[in-house]
Amino acid sequence: MKTDDVHVSFKNVQKSYDGIKLVVKDLNLDIGRGEFVTMLGPSGSGKTTCLMMLAGFEPATQGEIMFDGRSINNIPPHKRGIGMVFQNYALFPHMTVAQNLAFPLEVRKMEKAKIDEKVQHVLDMVEMGEFGDRRPAQLSGGQQQRIALARALVFDAELVLMDEPLGALDKQLREQMQYEIKNIHEQLGVSVVYVTHDQSEALTMSDRICVFNDGIIQQAASPDDLYERPENSFVAQFIGENNTLTGTIDTLHDGLADVTLESGEKVSAAAIKVGKVGESTMLSVRPERVIVNPDESKVPFTIAGHVQKLIYLGDHIRCRMTVAGNDEFIIKMPNDSEDRLLAVGEDVRVSWKPEDCRALDVI
Amino acid sequence: MVEEAVSGTSLLKKLRRTERRKKIEAVGLITPLFVLMLIFYFIPIGLMLYKSIDNSQMREIMPHTARAIEHWSGKGLPDEPVYTAIVEDMKVAYPNRTLAKAGRRLNFDLVGFHSLLSKTGRKLRKLKGPPYKEALIKLDKKWGDPRYWTVLQRGLKNTTLIYLLATLDLRYDDKNNITHVPDEQAIYVSIIGRTIYISIFVTVLCLVIGFPFAYIMANATTRVRNLMMIGLMLVFWTSLLVRTLSWILVLQNKGVVNSILMWAGLISQPLDLVFNRIGVYIAMTHVLLPFMVLPLFSVMSGIPSYYVRAARSLGATSIVAFFRVYVPQTKPGIGAGCLMVFIQALGYYITPALVGGPKDQMLSYFVAFFVNERVNWSMASALGLMLLLITGSLYLILGKHVSITNIKLN
């Protein structure tokens, strides 16, 4: 799927609406042909603005956007040939489903017979073959979503932009549509730029995720990289669940950092984004990577923990405890038959493998 | 389940009782308004419209003749009893001065009747008889003309269609058939046509000006939108008369527009902009513009911007996107606006009367003319009925496609 062929490329793109504040600060991103790239971030982080610049609805204040190797900064939206799926579907309410799908072909002056054929084909592709004569208002949310998708694809766009397309659907339908969109993407081999603020959606669908915050791509990586190896504290906290502890760096060696926590306890972590010895750092460790009451001889360190609350979740047990002054320290324990159930109020020792904990910047 | 089966009937009763109470409350709330509407709206309008066919006054003036002439076959001349009856009626009506009223009414159907009745009335005392037939014909040979008797028989029925026919330039001929009036007397059809034409023209002008106005307003910032709204509403805050008269000041030969154009050297002689059709169009469009803009604005502000964006992303130029995606969605607003402007324009009176010339007067002007000048309420209400019929049929035709009740004014 992924090739080295660059399809879209942002080069030093900046965007400001008011001339004072930059909404997008120096964006550099290459999107490969056939790649499924997701822009993920909190609202106001600049992800939708990037999409709008790519679609041509917002001009870039500075920098260049390249599409198929040529700059499209001065090309109006209708000449870009980029398909787009809107958050609210934006199906034309005064047209039937078939007329909606025929619209992009009619404005391209395609022959009537060819149009009918293509419309039927794309309707069949989204399994809505019978619905051509309906009005959008007569369709359910999921059906409207499929038609919106079909409309973005019917004119053979090689790049499809999706702006939170599943935001209005309920959870179950959303998961089904994620699967279908992914399927269509793989079938057609189109490039997709997908904007969402739902991280599980991003993790499920994407080849690559760009995490946006404050107008900057914090990290662009594959879903597993992003989860396992966040490069800064924002990404670590934004993607998945995370425990954070702050401390000062004692030593740095072999890519590891020895850190003294605020409580005075000493731990080790992988040095990812740290300053010099003596500076503070934020440690980030996933709840499922924390080891409770380990064999002290097999781990480099242990620190004290006090169990505050236990929540039984069937497949795992979630435990909130106080560790090094952090009352919100979460541990996920698999519900296996081993006898190591904890009790509220119990004092335990916790530890982790140094490579499972990442020493990152302080935010 | 058992409990339900046992209490099933009483449950239904209970439900009905509570529903009934709700209904009574609702009816009770509506009744005062309904009675008010009935007394001050429907009944007066109904009575007014009935006047267009009402003819009972004639029977009151000539009760004997009315009874006697009912059985006349309409061929030749009526027999002696009819002549006797009319003389008796005239003997009462002439001193009461109601004979002149009857004369005016009959003159509307046949010119010459008014003078015939007043002449006969004057000489009634010298008339010898009974029998009166010979004497009357001797007095004026018109009494021997069957045309007058046909008109009289028609004129003494309880209802009459002559006014309604007159509004369509139709009348009864001597043989009681409906025919066209002579061309030189035919005016009402052309007035109705003119009224509709002016109304359509004004509606189109309002749409052409109002659509971009509403579009800009719907897409402007709150500040600009409020300013535009105030500008629009200003029209409502000044009296119709003041607005219309100010147009005369602006458009007259030495008015602002002509002065500017002449100062700019664009024209050497002042343009005739007022007291003609142009003045009527300008003033009426100005007055009616808000009724076009408000429904349009209401619909437009409900159309999200992403539709046009979607159309653009699908390959449509901004013009194609506008006309194929945006404009069709404003149809309810266009329909409601046009209907409101057109219906109001149909009934316009003051504006054309003040800024129009004699050839620019609309139907309402003639309604006022018949009420104020001719004191012919029947003709006035017949013209009013025509207006109501045009409006009603238009509403029935367009009402299916345009639901005025759906439009909310923000």
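Below, chain A is the first sequence line, B the second, and so on; all start at residue 1.
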Given A:R80, A:K79, A:R151, the one with more heavy-atom pairs under 4.5 angstrom with chain B than any other is A:R151

In terms of heavy-atom contacts, does CD1 of B:I319 have more than 12 from other residues, nucleotides or ligands at under 6.0 Å?
-> no

More than 12 foreign heavy atoms under 6.0 Å from CG of A:D18: is that the case here?
-> yes

Identify which of A:A157, A:A90, A:A55, A:A152 forms the greatest number of heavy-atom pairs closer than 4.5 Å to chain B.
-> A:A90

Side chain / backbone / both / neither for A:L91 at chain B, heavy atoms under 4.5 Å | backbone

Considering only heavy atoms, which portion of B:V320 lies under 4.5 Å from any heavy atom of chain A: side chain, backbone, both, or neither?
-> side chain

Compare all side-chain heavy atoms of B:L314 with those of A:F92 and state whether any distance is below 4.5 angstrom.
-> yes

What are the two closest heavy atoms between A:P93 and B:Q329, and how far apart are they?
-> CG-OE1, 3.3 Å

A:E106, part contacting chain B, at a heavy-atom distance under 4.5 Å | side chain

Do A:P76 and B:R312 touch side chain to side chain, with heavy atoms closer than 4.5 Å?
-> yes

Inspect the surroundings of OH in A:Y17 and state if more than 12 heavy atoms from other residues, nucleotides or ligands are less than 6.0 Å away.
-> yes

Can you tell me if CD on A:E111 sees more than 12 non-hydrogen neighbours from other groups inside 6.0 Å?
-> no

A:D133 atom CG, over 12 foreign heavy atoms within 6.0 Å | no

Look at the side chain of A:H94 and the backbone N and O of B:T330, then say whether any donor-acceptor pair between them is shorter than 3.5 Å.
-> no

Chain B contact via A:F57 - side chain, backbone, both or neither, heavy atoms under 4.5 Å | both

More than 12 non-hydrogen atoms from neighbouring residues, nucleotides or ligands closer than 6.0 Å to NZ on A:K182, yes or no?
-> yes

Audit row: A:F103, B:V325, side chain to side chain contact (heavy atoms under 4.5 Å, CB included) steps and yes/no = CA-CA 10 Å; A:F103 184 84; B:V325 174; 3.8 Å; yes

With side chains defined as the heavy atoms from C-beta onward, is the minimum distance between A:H78 and B:S313 less than 4.5 Å?
-> no

Residues, nucleotides or ligands: over 12 heavy atoms within 6.0 Å of B:F236 CZ = yes

Report yes if the side chains of B:R309 and A:M84 come closer than 4.5 Å at any heavy-atom pair, otherwise no.
-> no

Separation of B:Y306 OH from A:Y89 OH (nearest 0.5 Å) = 10.0 Å

